[in-house]
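No hydrogens, no waters, no symmetry mates; every other heavy atom, side chains included, goes into these values.
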Amino acid sequence: VYEKQDAVGGTWAINRYPDIRVDTPSITYEYSFEKRYPWSEHFGRGAHVRQYLEDVAKKYGLADNTRLSHALAEARFDEANNRWDLAFDTPEGRKTAQASVVISASGAFTNPNFPKFKGQENFKGTVVHPARWPEDLDLTGKRVGVIGNGSTGVQLLGAVAGQAEQVYVFQRTPQWISPRAGYGKPMEEETAWLVRNFPGYWNWWRYMATAALFDIHDLQLTDPEWQAKGGKINPGNDELRAFLTEYIKQETGGRQDLIDKLIPDYAPFSRRPVVDHNWYRTLTRDNVELVTAPIVRMVENGIETEDGQVRELDVLIAATGYAMTEYLMPSRYTGTDGQDLHETWNSGDGPRAYIGMMMPGFPNMFMLFGPNSMPMSGGTGLPQWYMVWSSYIGQCLMKMLREHKDRIEVKEGAYERYNRDLDAEASRMIQLTKEGGMDHNYYVNRKHARLQVNAPWQSPDYHRMCTVVNWDDLELS
């Protein structure tokens with residue numbers, strides 16, 4: 001295993017901002033081979049998730065077989081020998097290696113999306129992205145701006161407001177932010193005892209933790225008959241909209257000045273759901289101001305908005321997420337006939353893959369969490385899907401070994417058919433409609449107006465695609 005960072009844990013090693021935690025129940029954030037972990041909270045904090053991953057790496061021998069601080073610079077397929085030649089940037093300089101098969105597990109949340117504002121170079125304060133949070137950052141008594149109200153911005157706002165003298169929350173697009181039972185709460189000793197001693201209880205709890213998500217796929221489908229009667233999306237989605245609207249009114253104490261700015265004009269579940277961490281209530285604090293006027297420029301002492309006001313800042317927190325379409329960047333992959341992976345994607349309509357894992361012309365190469373691989377309809381946490389995708393790759397490798405094959409790749413026709421089917425299925429989703437907020441939705445490749453991040457199928461159907469290998473779609477030699 002070659003790891004770019006100086007520690008295992010991926011995003012949990014990189015992100016260490018205040019109050020970072022999972023927004024799915026801790027019990028769903030486990031591998032099936034290492035479960036019933038002693039979580040201290042219902043939604044594990046970042047440090048505890050990182051410890052879990054470190055424990056797994058040590059227990060199963062991965063830590064001893066991992067080369068840290070090895071950032072893949074280039075991978076080039078050697079057609080004569082059916083192998084990949086790899087080049088890594090390390091603190092000691094460029095190093096090389098060879099591999100019969102390459103699996104990229106760089107994922108989607110890799111390259112921070114830094115904001116670019118006019119006059120940014122003139123700002124005398126500090127700009128911080130949560131994925132680059134300084135360990136010694138002290139916000140006590142500071143004037144702080146927060147850009148971004150996705151999962152990260154919502155998680156950290158309460159902690160930031162508790163330290164800073166003044167906080168300005170710059171909101172471009174409102175979010176549907178929902179409550180979740182147990183969020184931010186410690187694990188009760190009684191519950192922990194049941195988990196330790198009653199496997200049946202663990203199974204039931206694990207199931208119920210995700211059961212509520214089984215039907216969310218249907219919430220994302222437009223219902224033309226319902227819309228013809230005056231509805232917005234479908235009965236379930238409109239009902240959820242009404243519930244979340246009331247939640248906003250409740251959490252803001254009925255403050256109409258906030259309510260008018262916070263209710264989105266797009267449908268719930270068209271963007272990634274955000275779990276509330278007292279974000280709405282934090283906006284009602286005396287030292288917090290919600291700013292919705294567009295940012296015009298950064299000036300020496302802060303941010304100027306379209307209304308002509310300048311909010312003076314010492315620190316700007318850019319919780320602006322990641323460049324979601326930059327899969328596998330900045331590493332360069334060169335496949336057969338000298339084709340560059342990123343140039344191939346850019347010459348078309350953006351990153352694509354066969355079931356999110358394989359590209360024609362790039363033999364013996366697989367991707368975990370590749371293009372269009374994020375499950376759309378929930379039902380479990382991402383660690384389970386890492387195992388599902390890995391099992392597909394494992395089946396491919398075992399067939400190569402058993403049949404003494406040196407090369408495996410997806411056929412061009414299978415790749416094209418799969419992506420045609422994907423686009424057809426995605427066309428039914430609200431993400432690709434104005435009501436789905438496609439203009440400000442990281443699920444969507446806005447340049448090409450297509451679903452980019454998610455797999456649009458029901459989870460059972462997508463699971464079947466990723467576990468039952470269609471060998472007719474693959475070529476082994």
Q | Passing candidate, ring-ring contact (aromatic ring centres under 6.0 Å, His included) with His48, options Tyr29, Phe43, Trp39, Trp12 | A |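 Answer after filtering Tyr29, Phe43, Trp39, Trp12: Trp39.
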
Taking the side chain from [X] and the backbone from [Y], do they hold a donor-acceptor pair closer than 3.5 Å?
| X | Y | value |
| --- | --- | --- |
| Gln384 | Thr28 | no |
| Ser26 | Glu41 | yes |
| Ser270 | Ile430 | no |
| Asn454 | Pro456 | no |
| Gln163 | Asp138 | no |
| His70 | Leu68 | yes |
| Glu54 | Val8 | no |
| Trp389 | Phe366 | no |
| Glu304 | Arg311 | no |
| Arg407 | Pro363 | no |

Measure from the ring center of [X] to the ring center of [Y] and say whether it is less than 6.0 Å.
| X | Y | value |
| --- | --- | --- |
| Tyr60 | Phe33 | yes |
| Trp385 | Tyr462 | yes |
| Tyr2 | Phe88 | yes |

Distance only, no hydrogens: is a donor on one side chain within 3.5 Å (strictly under) of an acceptor on the other, for [X] and [Y]?
| X | Y | result |
| --- | --- | --- |
| Tyr354 | Glu409 | no |
| Asn278 | Thr282 | no |
| Asn301 | Glu312 | yes |

**Q.** For Ser106, side chain to side chain donor-acceptor pair (under 3.5 Å) partners two or more places apart
**A.** Ser104

Q: Could you please spell out the steps behind the side chain to side chain contact (heavy atoms under 4.5 Å, CB included) verdict for Arg417 and Asp473?
A: CA-CA 10 Å; Arg417 184 201 71 240; Asp473 286 353; 2.7 Å; yes

Q | Cation-pi check, Arg352 onto Tyr418 ring (under 6.0 Å, within 45° of axis) | A | no

Q. Which pairs count as ring-ring contact (aromatic ring centres under 6.0 Å, His included) when at least one residue sits in residues 127-152, sequence neighbours excluded?
A. Phe114-His129, His129-Tyr322

Q: Give the intermediate values and the outcome of side chain to side chain contact (heavy atoms under 4.5 Å, CB included) for residues Asp406 and Ser100.
A: CA-CA 8 Å; Asp406 297 317; Ser100 300; over 6 Å; no

Q) Given side chains that start at C-beta, do those of Asp78 and Gln98 come closer than 4.5 Å, heavy atoms only? A)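 A side-chain contact under 4.5 Å is absent here.
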
Q.
Is there a side chain to side chain contact (heavy atoms under 4.5 Å, CB included) between Arg297 and Val299? Walk through the geometry before answering.
A. CA-CA 6 Å; Arg297 65 178 61 85; Val299 294; 4.1 Å; yes

Q.
Tell me whether the rings of Tyr52 and Tyr31 are parallel (<30°), tilted (30 to 60°) or perpendicular (>60°).
A.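 Judged by the thresholds at 30° and 60°, the geometry between Tyr52 and Tyr31 is parallel.
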
Q | Arg94, CZ: over 12 other non-hydrogen atoms inside 6.0 angstrom | A |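 Yes - once you tally the heavy atoms of other residues, nucleotides and ligands closer than 6.0 Å, there are more than 12.
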
